[in-house]
Trainee: 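Supplied in structure tokens, the structure appears directly below.
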Amino acid sequence: MPLLPRTRLFILTLAIIAVPVLPLTQLIAQDRPATHLWSNSSLSPDERASMVVKEMTLDEKISLLHGTGMRGLGPLSPLAVDSNGGAGYVVAIPRLGIPGIQMSDAAYGVRSSGENGRYSTALPSDLGAAASWDTDAAYEYGALIARELRAQGYNMSLGGGVNLTREPRNGRTFEYMGEDPVLAGTMVGWVMKGEQAQHVIGDIKHYALNDQESGRNAVNVNIDKRSMRESDLLAFEIGLQVSNAAAVMCSYNRVNGDYACENKFLLMDVLKKDWNFKGFVVSDWGATHSAAKASAAGLDHEEPGEFFYGDTLKKAVKAGQVPMAEIDDHVHRILRSMFATGVIDDPPQKSVVDAARGLEVVQKIEEQSIVLLKNEHGQLPLDASKVHTIAVIGPHADVGMISGGGSAQVDPPNGNAIMPPGKGQTHWQEHIWFPTSPLKAIQVKTTGARVQYNSGSDPSAAASLAKTADVALVFAYQWESEDMDLESLSLPEHQDELIAAVAAANPHTIVVLETGGPVTMPWADRVSGILEAWYGGSRGAEAVANVLFGEVNPGGKLPLTFPRSEADLPHRNIVNPPKGTEPDGGDPGWWEKILRGLKAFQITYDEGLKVGYKWYDTEHKQVLFPFGYGLSYTTYAYSNLKVTPGKDVRVGFTVTNTGSRAGAEIGEVYATLPSSTGEPPKRLVGFRKVKLNAGESKELSVEVDPKYLSIFSVDRNAWQLVPGDYTFLVGGSSQELPLTESVNLK
Ligand code: BGC
């Protein structure tokens with residue numbers, strides 16, 4: 001469901017935010033401090049932060065607790081000059097040598113580069129990166145984003161989406177890391193680690209249970225605490241544990257009655273107390289709904305403006321409704337995060353983005369992320385010397401590949417492939433096709449073959465072309481964006497009909513999917529090959545061509561299940577807000593209405609901890625392609641499972657490349673818990689990716705964190721390993737686990 005346009009949000013934010021009256025010296029950000037006591041970098045971040053807090057006036061403290069409007073108020077505001085043009089800007093405090101915080105969205109690359117006249121590399125979608133199951137690739141993903149953030153003058157990233165895929169029609173599925181908390185949490189953790197190693201503040205979002213976009217400002221998610229801790233929240237917990245990400249963004253929705261950004265259970269009890277989170281909580285843009293309540297619940301910082309965390313908060317402090325200690329804690333958390341991530345000691349210097357290196361890195365990551373779903377009779381890889389005619393079919397496959405929209409959108413180098421040159425800047429919820437041309441990338445590989453293109457708008461014309469070719473390659477897409485959910489999991493624009501028509505005309509039809517998440521495939525039995533390329537980023541087509549022609553052996557695996565139909569999902573239909581829940585976008589007061597809180601409507605996640613494959617396993621539902629699945633041009637065998645109980649259970653096994661090509665295999669380790677726990681049939685507890693030459697064997701070892709084998713006891717408010725028999729299952733897909741061993745754990 002489309003929500004309100006962001007441009008409007010921006011303009012109205014400007015209208016309601018009072019310009020803070022600051023002395024001129026404060027308006028000129030001089031980020032490099034004179035020497036202060038806290039300049040000593042051998043002190044701990046906490047010591048340094050405490051020293052600064054002691055020196056601060058209340059106004060200075062409050063100024064750190066909110067943004068200045070998207071991109072720093074309007075063009076006439078002096079703050080606009082200091083803002084770097086990103087989604088958020090927090091003023092500097094030059095007197096104390098504290099630089100401003102320049103925040104940019106950066107889910108799969110740095111946003112807003114078009115409107116700021118800059119360059120950003122677009123990576124594969126986050127979900128694509130998760131499909132690599134490769135923590136080194138995830139680290140590189142984060143490091144690349146952070147290098148480009150710094151080159152553009154930012155010191156904080158708003159990426160790190162890790163909401164679990166409870167609802168695959170969620171328009172932001174591409175921005176997240178799939179349906180399993182161990183995979184998603186680990187991968188987002190390594191992305192954040194890569195970012196923070198470059199001295200950029202990392203942020204994990206959207207905490208929590210913002211699992212659909214429809215009615216996101218009003219919805220109240222009902223879910224029991226055990227399920228929450230073992231699924232959605234566990235992904236955040238692992239992500240933070242791996243990375244120490246300095247910021248967590250609370251989400252728009254309510255959870256069990258309270259808005260996430262004023263939800264004491266989420267922010268204080270779980271995040272800050274149980275997980276000992278030392279960083280700061282930033283609200284999603286317009287997700288703050290109170291001052292005193294939010295502050296007490298643990299919200300540290302309001303974005304994008306100061307509707308609650310400006311004068312209102314100051315007055316509440318003066319009136320004794322908000323203790324100064326609480327304010328000091330918020331401020332301390334922000335400052336200690338700035339010290340800990342190095343943004344004070346090593347501020348970003350604007351510089352030239354290393355575009356060539358970026359393109360090389362993103363192509364490699366995409367090559368790791370592509371998942372081969374079907375390859376009948378070894379149709380792939382194509383042999384360039386034997387294929388003489390190729391039909392390339394599909395919307396815009398002559399010029400580009402689709403990308404994901406919303407605040408994740410990256411302005412592609414060279415602009416939108418389907419717009420005239422020079423029109424590079426993207427607009428909210430436009431369909432942006434990255435100028436990476438499948439047609440050209442395929443032509444380059446074939447030297448001499450006749451490669452012809454048809455857009456597929458007329459399926460019978462496409463089928464006629466396919467009939468004349470040795471092989472038909474259909475590039476099918478599904479567009480997704482923030483601010484909308486998908487009506488169904490079907491491909492749009494009659495592409496199912498197109499594929500069926502082409503497949504009927506040519507038995508050598510291969511479908512390349514450019515999708516944000518899972519899609520249904522009524523034609524799956526009729527085509528000979530299927531490749532999932534996700535949103536492939538700036539070098540998507542080159543990566544796909546390398547896989548099609550065998551220069552790269554695909555090794556990605558699905559980070560989420562592809563169901564057979566919507567009827568198999570836990571919720572047959574997405575729950576839409578009742579009419580009138582959201583204020584009308586034309587209503588000048590809509591923004592204020594949202595901030596003051598909308599009437600709640602309910603979603604109950606009664607599938608509880610049965611998310612993704614855990615649902616299909618429990619319900620004995622057949623799926624189209626299971627979680628963890630992905631083929632290769634070689635084959636692998638598993639042997640020698642040895643499970644050694646201990647503090648961390650050690651799972652050892654051997655993987656052998658039994659085919660004739662080198663490749664990379666992802667060994668997946670699942671566990672079945674004792675039946676008394678009432679858990680779904682199995683859960684992922686670890687994985688390893690390994691490169692193997694033809695014929696080569698390697699012994700792998702996975703240390704399983706005891707938490708991954710535990711259940712969350714709400715009574716004890718703790719993870720609990722239930723004594724009993726645990727079965728470990730190992731293999732290359734959640735539904736192909738040839739090795740099993742049971743051990744008794746106490
Ligand atoms: C999105 C966030 C984003 C923020 C700033 C919000 O609408 O939900 O993910 O970081 O805007 O652009």
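Atoms within each ligand, like the ligands themselves, are counted from 1 in listed order.
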Trainee: Does E175 come within less than 4.0 angstrom of ligand 1, counting non-hydrogen atoms of the residue?
Mentor: no

Trainee: Cationic tip of R333 within the cone over F280's six-membered ring, i.e. under 6.0 Å and within 45° of the normal?
Mentor: no

Trainee: To the nearest 0.5 angstrom, please state how far the NE2 atom of H431 sits from the CE atom of M419.
Mentor: 13.0 Å

Trainee: Please compare D105, D483, L158, V282 and report which has the shortest non-hydrogen distance to atom 10 (O) of ligand 1.
Mentor: D105

Trainee: Which atoms from ligand 1 have a heavy atom of Y252 less than 4.0 Å away?
Mentor: 6 (C), 7 (O), 8 (O)

Trainee: Report, in ascending order of atom number, the atoms of ligand 1 lying under 4.0 Å from any heavy atom of R172.
Mentor: 1 (C), 2 (C), 8 (O), 9 (O)

Trainee: Taking a cutoff of less than 4.0 Å between a non-hydrogen atom of the residue and any ligand atom, is M103 in contact with ligand 1?
Mentor: no

Trainee: Got an N/O contact under 3.5 Å between R111 and ligand 1?
Mentor: yes

Trainee: D284 versus ligand 1: do any nitrogen or oxygen atoms come within less than 3.5 Å of each other?
Mentor: yes

Trainee: Between the side chains of R111 and D411, is the shortest nitrogen-to-carboxylate-oxygen separation below 4.0 Å, so that they form an ion pair?
Mentor: no

Trainee: Whether R216 and D284 form a salt bridge (side-chain N of Lys/Arg under 4.0 Å from carboxylate O of Asp/Glu) is what I want to check.
Mentor: no

Trainee: What are the atoms of ligand 1, with element, lying closer than 4.0 Å to any heavy atom of A87?
Mentor: 5 (C), 12 (O)

Trainee: At under 4.0 Å between heavy atoms, is it the side chain or the backbone of E303 that contacts ligand 1, or both, or neither?
Mentor: neither

Trainee: Passes side chain to side chain donor-acceptor pair (under 3.5 Å), S113 versus Q152? Steps please.
Mentor: CA-CA 9 Å; S113 47; Q152 296 190 25; 5.0 Å; no

Trainee: Between F174 and Y108, is any pair of side-chain heavy atoms under 4.5 Å apart?
Mentor: yes

Trainee: Tell me whether the NZ or CZ atom of K593 lies within the 45° cone about the ring axis of W590 and under 6.0 Å from its centre.
Mentor: no

Trainee: I need the contact type for R216 against ligand 1. Using non-hydrogen atoms and a strict under-4.0 Å cut-off, is it side chain, backbone, both or neither?
Mentor: side chain

Trainee: Checking R166 against H571 for the side chain to side chain donor-acceptor pair (under 3.5 Å) test, could you report, in this order, the C-alpha distance in whole Å, the side-chain angles of both residues, the deciding distance, and whether it holds?
Mentor: CA-CA 9 Å; R166 275 184 184 272; H571 305 271; over 6 Å; no

Trainee: Output the list of atoms in ligand 1 that are nearer than 4.0 Å to some heavy atom of E482, sorted by atom number.
Mentor: 1 (C), 6 (C), 7 (O), 8 (O)

Trainee: Find all atoms of ligand 1 within a distance of less than 4.0 Å from any non-hydrogen atom belonging to K205, and give their numbers and elements.
Mentor: 2 (C), 3 (C), 9 (O), 10 (O)

